[in-house]
Amino acid sequence: MKVQDIVDQLGLKICSGAAGLNREIVGGYTSDLLSDVMGNANENQIWLTLQTHKNIMAIASLKDLAAIILVKGYQPEEDTAAQSNEEGIPILSSEEETFELTGKIYDLIKRTK
Amino acid sequence: MEFRFEIEGGNFSKAGTASSEVKKILKQLNVDPKIIKRTVVSLYEAEVNVVAHAYEGEMNVEIIPDKVSVTIQDKGPGIPDIDQAMQEGYSTATPKVREMGFGAGMGLPNIKKNSDQLNISSKVNVGTIVEIVNYLK
Ligand SMILES: Nc1ncnc2c1ncn2[C@@H]1O[C@H](COP(=O)(O)OP(=O)(O)O)[C@@H](O)[C@H]1O
Ligand SMILES: [Mg+2]
């Protein structure tokens, strides 16, 4: 499953990094604690968080994550979006709450396995 | 091969840049991706600790055929009790830093898990030296 597939099926907004919409997704990780993501997320996962500052891009890049989804309508800060464009790692945004969105993405990924 | 990177205390917008440079170098050297991943986690956490807890610092990287040795050294408040600091969940991070998602007290435990050798020495009101070694084979 590609990032684009999740965007289409869940009607997500593309905030930045559209060049990476063809990145492959193998799983997901939901957390707002940066060290938790650093220590436990895996490459090619999609990361759900409410953090919007630039460090989320540093982590996504260092961990080779597929994309970031901001929950509850949050938008990336300007420098966060800029780095996302540079690296081609998409930042997406959803109006939904973390719980609902995580459940839907879990379902989508499970179905395609 | 040796490399040196500056780390600015308090500047979160630059946190991770030194670790990112090291990642690029290790990739270019065709180091095993598993070892790159472990090294990146431990270097990032050590770098963020300088940004979050110290005033200024540097990361010195030495890569020889069988290992990557990294020293992260800072001028800062130091760590009065290293055993306590190593405990999962222990953090003296400010509320502002915690709001950003840092300060979970998982950094040093992450370093421990993702390094083959870890040595921390610190002097209160002087600074901290974190030495990380990962074997490449
Ligand atoms: N370079 C450093 N200088 C001063 N104190 C540090 C440094 N690194 C770690 N510490 C101390 O150790 C604690 C635990 O560090 P860590 O496990 O990385 O958690 P966190 O950074 O989330 O607080 C910090 O809260 C701080 O008190
Ligand atoms: Mg830390």
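Residue numbers begin at 1 in each chain, while the letters A, B, ... track the order of the sequences. Keep in mind that what you see is a predicted model, and the values were worked out from it rather than measured.
Pairing each heavy atom of B:Ser13 with each of A:Asp79, the nearest pair is CB-OD2, 4.5 Å. Shortest non-hydrogen contact noted between A:Gly17 and A:Pro90 is O-CG, 3.3 Å.
Judged by distance alone, the side chains of A:Asn85 and A:Ser16 never bring a donor and an acceptor atom under 3.5 Å apart.
For B:Asn110, the part lying near chain A is the side chain, with the backbone staying farther off; criterion is any non-hydrogen pair under 4.5 Å. Residue contact with chain B, scored on non-hydrogen atoms closer than 4.5 Å, involves the side chain of A:Ile59 exclusively. Proximity to chain B (any heavy atom under 4.5 Å) is shown, for A:Asp36, by both the backbone and the side chain. In this structure, chain A has a heavy atom under 4.5 Å from the side chain of B:Tyr44, while its backbone stays farther away. Interface residue A:Glu43: only side-chain heavy atoms are found under 4.5 Å from chain B.
With sequence neighbours left out, B:Glu2 forms a side chain to side chain contact (heavy atoms under 4.5 Å, CB included) with B:Glu62.
By the 4.0 Å N-to-carboxylate-O rule, A:Asp64 lies too far from B:Lys37 to be salt-bridged with it.
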